[in-house]
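The structure appears right after this line, and notes come after that.
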There are 4 protein chains.
Amino acid sequence: MSGAPQRPLRADAARNRARLLDIATQEFTTRGVGVSTEEIARAAGVGVGTLFRHFPTKEALLQAVMVRRLETLAARTTRLAAESGPAGAFFDCFRLVVDQSAGKNEFTRALAAAGMDAHSALREPSAVIRDKLAELLAGAQRAGAVRPDLGLPELIALLTGTTAATEQLGTDPAARERVFEVVLDGLRPR
Amino acid sequence: MSGAPQRPLRADAARNRARLLDIATQEFTTRGVGVSTEEIARAAGVGVGTLFRHFPTKEALLQAVMVRRLETLAARTTRLAAESGPAGAFFDCFRLVVDQSAGKNEFTRALAAAGMDAHSALREPSAVIRDKLAELLAGAQRAGAVRPDLGLPELIALLTGTTAATEQLGTDPAARERVFEVVLDGLRPR
Amino acid sequence: MSGAPQRPLRADAARNRARLLDIATQEFTTRGVGVSTEEIARAAGVGVGTLFRHFPTKEALLQAVMVRRLETLAARTTRLAAESGPAGAFFDCFRLVVDQSAGKNEFTRALAAAGMDAHSALREPSAVIRDKLAELLAGAQRAGAVRPDLGLPELIALLTGTTAATEQLGTDPAARERVFEVVLDGLRPR
Amino acid sequence: MSGAPQRPLRADAARNRARLLDIATQEFTTRGVGVSTEEIARAAGVGVGTLFRHFPTKEALLQAVMVRRLETLAARTTRLAAESGPAGAFFDCFRLVVDQSAGKNEFTRALAAAGMDAHSALREPSAVIRDKLAELLAGAQRAGAVRPDLGLPELIALLTGTTAATEQLGTDPAARERVFEVVLDGLRPR
DNA sequence: CATGAATGAGGTTTCATTCAT
DNA sequence: CATGAATGAAACCTCATTCAT
């Protein structure tokens with residue numbers, strides 16, 4: 001049920017695994033999911049065999065990258081929520097998730113296309129985020145900062161959509177800001 | 001300069017071409033751009049050779065699918081714009097474009113990834129849409145129905161984003177409606 | 001047994017056949033046997049179907065081109081042999097055959113590679129040349145102008161070889177001339 | 001700059017590479033450059049992937065075969081030149097090159113047809129041969145054994161041509177010998 | 001007869017994955 | 001455990017040949 005290793009990895013093995021994850025994240029994000037396993041292994045300075053020892057499948061690697069992203073996101077979300085009032089926390093987190101999710105759609109889609117239920121492997125880490133987001137949404141709604149009829153699914157869809165929108169505007173920060181304003185304004189009770 | 005064929009295609013050729021486009025649209029949309037040319041040809045009931053006679057490259061096929069979508073879209077946009085007042089036309093078109101664009105991101109992305117300037121082949125049909133949208137935006141802004149600081153790029157990004165968001169909500173019309181409300185509300189001057 | 005058409009071709013059909021042969025000769029010679037039937041047909045201004053009506057196979061077309069070359073060659077050889085004395089006729093013909101055979105190796109090889117006995121279809125026209133050459137060789141040997149131990153096969157091999165050699169020197173006429181001198185000198189009794 | 005592998009190949013890899021080269025040489029020579037990579041791989045007892053790991057392109061394989069032939073040739077030429085006097089060395093080498101060059105024309109032609117400068121990849125090994133031949137030619141000319149007006153290009157063309165001629169006479173050693181006599185005699189000062 | 005659209009086997013090449021070293 | 005050579009299915013595309021128009 002858990003992704004945690006059976007026994008603690010040897011030091012060098014752990015180093016290789018971490019390095020592979022880092023490189024894979026970077027390559028998948030910048031060059032798409034089409035990059036070959038061979039290239040990722042080479043960029044990480046290991047042989048393909050090592051890659052496949054740690055991740056039995058290319059898809060498993062994709063999954064692991066996703067999981068780590070979600071975990072990082074969950075951690076930062078938690079931290080942020082603790083620092084501001086309910087409304088501020090909600091809007092800050094919205095921005096944070098969007099900024100951190102660049103490229104995520106590609107992964108989700110790749111996993112989905114491979115016919116696998118995205119929820120099976122990502123259930124645990126994404127559940128953490130969902131819970132955080134639900135909590136933040138409820139808080140902001142109680143504080144009257146967000147329209148009360150909005151549900152969690154819509155919030156997540158809007159996060160995905162805003163990610164897509166801002167990705168398309170990569171080079172123009174002012175335009176990205178205006179897009180944020182539109183969506184965040186729209187979230188307020190009318 | 002024109003997309004129209006040099007001579008009228010023979011009856012069977014036209015049938016095959018149309019059928020290929022239909023099948024390709026469907027396959028690309030439902031299963032992603034990874035589907036093989038061979039499968040598309042088989043699904044269309046023709047040999048691969050026929051596919052490649054009509055579209056000399058897989059990318060050319062993708063392009064053709066895109067072009068047809070954009071043309072359909074442009075036609076409907078024009079019709080709608082004529083029927084309502086400036087504000088109504090703008091909001092109606094926004095919905096229309098989003099509804100018609102399901103799956104389009106995949107294509108745009110695929111074309112971009114293939115290193116081709118999306119504007120080269122799609123320039124004409126997409127320019128028509130851009131012009132329409134720019135016109136509608138200006139009209140709605142003049143009518144005070146849309147915040148005046150919004151530019152065309154942001155509008156297009158928001159269209160893309162809203163498409164992504166509603167795609168994720170496919171099964172729940174009420175939730176889709178709430179997403180639309182958020183974005184359309186956000187577009188109004190605050 | 002004969003390549004002559006069963007009945008006289010219609011005027012346009014004959015024109016097409018001739019044109020196809022001309023174009024095919026040119027394309028095969030300048031661009032190699034790799035040129036596609038489609039390209040040859042297009043260059044000849046007819047559809048592929050027409051090409052295949054006249055020549056049921058690409059190989060048949062190659063054959064026809066060869067045959068025509070050989071026939072032309074035979075005719076010129078005959079003419080030349082009548083005009084000079086035995087020695088002169090021999091050496092003139094040697095040069096003529098070499099000059100006219102540029103590119104011929106490609107064809108011979110293509111036919112051979114296709115697993116067909118080159119002699120089956122080319123037997124008749126090439127027999128004419130062989131006879132001419134045999135006659136010329138005998139005459140020149142009687143006149144003491146060519147070493148008496150040389151047989152017809154060696155003569156033909158030397159023709160092929162000299163063709164290959166001069167083809168490699170295409171751009172430099174003086175060098176070609178020196179190659180001719182070497183071979184023709186070598187043919188004389190030592 | 002060097003053709004030597006960066007690190008010593010693993011034992012099996014080296015075996016496969018050598019075997020591929022051997023088989024490719026044989027197949028290309030006996031059946032033409034048309035043989036498919038798949039067939040070569042199968043004949044060598046490896047998968048296609050292995051073939052393409054060693055030679056990233058069919059052309060690269062052709063090149064490698066050529067290079068090996070030329071290198072072998074250069075080595076033998078060097079040895080021979082050291083053993084005989086200037087005239088003997090020249091004539092011996094002429095025969096050696098011709099005997100070793102059977103089929104070489106096919107490769108050269110294939111490479112040329114593929115639009116690649118034959119000199120780019122083969123520059124080094126073929127330069128060695130050219131140098132050797134130039135040296136031998138000069139020596140034989142100084143010794144008065146070869147006509148003084150003959151240049152290196154003509155010599156090479158004659159080698160090519162004699163190769164073509166003797167190839168055609170494969171089954172009859174006496175005829176081949178007579179062809180050699182004609183050419184070698186022609187090379188002597190008249 | 002001419003046309004050119006359709007066919008599909010076959011060619012080259014890539015890449016996730018396995019396994020000998 | 002790490003390595004990277006080997007594998008072979010599958011992708012895209014070409015082209016000789018057939019046959020409906």
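To find a chain, count down the sequence lines: A is the first, B the second, and so on, and within it residues start at 1.
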Say whether, by atom type as modelled, one donor and one acceptor occur between the side chain of T50(B) and the main chain of V46(B) under 3.5 angstrom.
-> no

Position toward the 5' end of DNA chain E (nearest nucleotide), G45(C) or V46(B) = G45(C)

Figure out the CG/C1' separation between L51(C) and dC1(E), and round it to whole Å.
-> 15 Å

May I have the list of side-chain donor-acceptor pairs in residues 32-41 of chain C shorter than 3.5 Å, sequence neighbours left out?
from, atom 1, to, atom 2, distance (Å)
S36(C), OG, E39(C), N, 3.2
S36(C), OG, E39(C), OE1, 3.4
E39(C), OE2, R31(C), NH2, 2.9

H54(A) NE2 to dT3(F) C1': how many Å, rounded?
-> 13 Å

Each nucleotide of nucleotides 12-21 of chain E classed B (base within 4.0 Å of a protein heavy atom), S (only sugar-phosphate) or -, in 5' to 3' order, makes BBB-BBB---

State which of dA2(E), dG4(E), dA5(F) makes the closest approach to the side chain of R53(C).
-> dA2(E)

note: L20(A), atom CG; dT3(F), atom C1'; distance rounded to Å ~ 13 Å

Take F55(B) and R17(B) through the side-chain contact (heavy atoms from CB on, under 4.5 Å) test and state the conclusion after the steps.
-> CA-CA 9 Å; F55(B) 310 97; R17(B) 207 192 123 91; 3.5 Å; yes

Ion pair present between D22(A) and R68(A), side-chain N to carboxylate O less than 4.0 angstrom?
-> yes

Euclidean distance, atom CZ of residue R19(C) to atom P of dT3(E) [Å, nearest integer] | 12 Å

Here the distance between atom P of dG4(E) and atom CG of N16(C), to the nearest Å, is 12 Å

Estimated bend of the helix from dA2(E)-dT21(F) to dT21(E)-dA2(F) (axis per five terminal pairs, rounded to 10 degrees) | 0°

Pairwise distance NZ(K58(A)) to CZ(F28(A)) - rounded to 0.5 angstrom = 5.5 Å

Please round to the nearest 0.5 Å and tell me the distance separating atom CZ of R69(C) and atom CG of L21(C).
-> 12.0 Å

Identify which nucleotide among dT7(F), dT3(F), dA5(F) has an atom closest to any side-chain atom of T50(D), counting heavy atoms from C-beta outward.
-> dT7(F)

Interatomic distance where CZ belongs to R42(B) and C1' belongs to dC12(F) [whole Å] | 15 Å

Out of curiosity, L61(D) CG to I23(D) CD1, how far, rounded to the nearest 0.5 Å?
-> 11.0 Å

Any chance you could measure H54(A), atom NE2, to R19(A), atom CZ, to the nearest 0.5 Å?
-> 12.5 Å

